[in-house]
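Just so you know, these numbers come straight off a predicted model, no measurement behind them.
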Amino acid sequence: MNSIEKALQKQQKEAEAKNKNQAIQTATTTEPVQADNSIEKAQTQQDAGQTEQVTSQKVTRAKTPVSDGIVSNTQIEIDLDMLAKKGFVSTDSNRQVINEEYRVIKRKLLDNAFGPLSKSLNNSNVIMVTSSRQGEGKTFTAINLALSIALEQDKTVLLVDADVLRPNVMRTLELKNEQGLMEYLLGDKENISEVMCRTNLNNLRIISAGKSHHLSAELLASERMFDAVEEFANRYPDRIVIVDTPPLLGINETAILANLAGQALVVTEEFKTKLFDVENAVKHLNPEMAIGFVVNKTEQVNLEGGGYGYYYGGAN
């Protein structure tokens, strides 16, 4: 082999070695790039998953309702001493005649609401308190009944002022009649809990009537009102709902409410209420209801002298 051939052979070997080194370097630099690409791809997928998860969480939170139950954030303070001085049921330990009288009244109502008869009544724990005419004492009776039931150890009571034409519950309690039932029915308040007030009696809640409206009859007959009553009646098994309604005669709203309650308590005033009016008033009630009567302002003679009595007449 001459010198030229040797030189060419050497040059060829050097070129092959150079190409081999370049191939190794290329493979080495390519692998990290691919690894980086795969890491970036995995990170991108992870970020996308996290974004999707966050988006899903945001959607879920957006769909969560403001309130899933009837729980009020508003509390009102009832002046119980003032009510006692005005002749209402007393919540202290002193035994009062009126307390004993309302124990008799509420016991029959509670038996109807939770006893054997309750199976034959629709919304047996919803009790409408009404009268044939104005001024016979239905609001006085409704408040006393609510106070008496609130003293029960295993019962809660919701007092609803549905006399939207002449609301009197909050005025009697010397409290402001602000947003209440009508605001909920009009849709100004989305959830009924927004117009339900807690009180300084643990077992008592109150919904005021709210503002008056020219479509009160239609609103009380609406699906929204029906749903609210169903919520009142069925959500809490220990709850009694007392609904102070307008008088039965001459007002359409009361007949509408009579289809939602399971019991009716008709208040009459001795020496004032006419039997003819009572008979006509009862005709406006649902015949499938349990109907009782309270004789209000009844003069009685006892060891201490004259007084007023409140008596339950019984269920039909």
Side-chain angles (χ1 to χ4, degrees), residues 72 74-92 94 96-99 101-103 105-106 109 126-151 156-183 195-212 216 220 232 240-248 251 253-254 257 261 264-270 272-273 294-298 307-312:
S72 172
T74 304
Q75 178 155 345
I76 57 178
E77 193 78 14
I78 300 175
D79 190 340
L80 300 173
D81 292 335
M82 175 272 295
L83 290 180
K85 291 177 182 178
K86 286 187 174 183
F88 284 82
V89 166
S90 175
T91 57
D92 58 27
N94 296 328
Q96 304 288 343
V97 174
I98 191 171
N99 285 44
E101 292 165 343
Y102 270 92
R103 283 191 177 99
I105 297 172
K106 74 176 177 181
L109 296 172
V126 178
I127 305 167
M128 62 177 290
V129 180
T130 187
S131 59
S132 57
R133 302 284 183 184
Q134 287 284 354
E136 294 176 317
K138 64 179 183 59
T139 299
F140 181 81
T141 301
I143 293 175
N144 275 320
L145 190 57
L147 291 172
S148 183
I149 295 176
L151 298 177
T156 62
V157 58
L158 170 63
L159 175 60
V160 182
D161 190 351
D163 191 349
V164 294
L165 301 177
R166 297 183 62 179
N168 200 32
V169 168
M170 300 301 276
R171 181 166 58 247
T172 302
L173 297 176
E174 297 186 3
L175 298 169
K176 291 183 179 179
N177 176 30
E178 296 181 338
Q179 296 182 339
L181 180 63
M182 294 305 292
E183 279 69 26
V195 296
M196 182 182 296
C197 299
R198 293 177 295 168
T199 72
N200 46 319
L201 287 175
N202 291 334
N203 293 338
L204 175 62
R205 302 287 186 271
I206 296 178
I207 295 179
S208 67
K211 64 184 178 183
S212 60
S216 57
L220 290 174
F232 297 156
I240 285 287
V241 183
I242 307 297
V243 186
D244 182 17
T245 70
L248 285 162
I251 300 176
E253 284 82 348
T254 315
L257 292 170
L265 194 61
V266 182
V267 180
T268 64
E269 182 178 344
E270 190 173 53
K272 178 181 178 180
T273 304
V294 168
V295 181
N296 190 26
K297 301 180 184 179
T298 301
Y308 292 94
Y310 311 87
Y311 300 100
Y312 184 73

> When you look at Thr273 and Glu136, which way does the side-chain hydrogen bond (donor to acceptor under 3.5 Å, both in side chains) test go after all the steps?
Replying inline: CA-CA 8 Å; Thr273 304; Glu136 294 176 317; 2.5 Å; yes
>> Could you go through Ile76 and Leu173, starting from their C-alpha distance and side-chain angles, then the distance that decides it, and tell me whether this counts as side-chain contact (heavy atoms from CB on, under 4.5 Å)?
In response: CA-CA 10 Å; Ile76 57 178; Leu173 297 176; 5.5 Å; no
> Is the number of heavy atoms from other residues, nucleotides or ligands within 6.0 Å of CZ (Arg166) greater than 12?
Replying inline: no
> Under the criterion side-chain contact (heavy atoms from CB on, under 4.5 Å), which of Val157, Leu109, Asn144, Leu158 is the partner of Ile149?
Replying inline: Val157
> Run the side-chain contact (heavy atoms from CB on, under 4.5 Å) check on Val129 and Val294 step by step: do they pass?
Replying inline: CA-CA 10 Å; Val129 180; Val294 168; over 6 Å; no
> Do you know the tightest heavy-atom contact between Lys86 and Thr172?
Replying inline: NZ-O, 4.4 Å
>> So, taking the atom named CD1 in Ile240 and the one named CZ in Phe232, what distance separates them when rounded to the nearest 0.5 Å?
In response: 14.0 Å
>> Could you report the tightest heavy-atom contact between Leu204 and Ala146, atom names first, then the distance?
In response: CD1-CB, 4.1 Å
> To the nearest 0.5 Å, how far apart are CZ in Arg133 and CG in Leu248?
Replying inline: 10.5 Å
>> Rounded at 0.5 Å granularity, tell me how far CD in Glu174 sits from CG in Leu83.
In response: 8.0 Å
>> Using only atom types and a distance under 3.5 Å, with no angle test, would you say the side chain of Asn200 pairs donor to acceptor with the backbone of Ile78?
In response: yes
> Sub-3.5 Å donor-acceptor pair from the side chain of Thr254 to the main-chain atoms of Thr245, do we have one?
Replying inline: no
> Is the backbone N or O of Pro247 less than 3.5 Å from a side-chain atom of Ser132, with the two atoms forming a donor-acceptor pair by type?
Replying inline: no
>> Using side-chain contact (heavy atoms from CB on, under 4.5 Å), reason through Leu181 and Leu220 one step at a time and then give a plain yes or no.
In response: CA-CA 9 Å; Leu181 180 63; Leu220 290 174; 4.2 Å; yes
>> Quick check against the 3.5 Å criterion: does Thr199 have a side-chain atom that pairs as donor or acceptor with the backbone of Arg205?
In response: no
> side-chain contact (heavy atoms from CB on, under 4.5 Å) between Ser212 and Met182: does it pass, once the steps are laid out?
Replying inline: CA-CA 7 Å; Ser212 60; Met182 294 305 292; over 6 Å; no
>> Applying salt bridge (Lys or Arg N to Asp or Glu O under 4.0 Å), can you list everything that pairs with Glu183, at least two apart in sequence or on another chain?
In response: none
>> I need the minimum non-hydrogen distance between Tyr102 and Ser148, along with the two atoms involved.
In response: O-OG, 3.8 Å
> Any idea which heavy atoms bring Leu257 and Ala162 closest together, and the distance?
Replying inline: CD1-CB, 3.8 Å
> If you measure from NZ on Lys138 to OG1 on Thr268, what distance do you get to the nearest 0.5 Å?
Replying inline: 14.5 Å
> When you measure from the side chain of Asp244 to the backbone N and O of Asp161, does any donor-acceptor pair fall under 3.5 Å?
Replying inline: no
>> Let me confirm one number: the OG1-CG distance from Thr139 to Leu159, rounded to the nearest 0.5 Å.
In response: 9.0 Å
> So which heavy atom on Asn99 is nearest to which on Ser90, and how close?
Replying inline: ND2-O, 2.7 Å
>> Would you compute the distance between atom CG of Asp163 and atom CD of Gln134 and round it to the nearest 0.5 angstrom?
In response: 6.0 Å
> Do you know which two heavy atoms are closest between Ser131 and Val267, and how far apart they sit?
Replying inline: CB-O, 3.3 Å
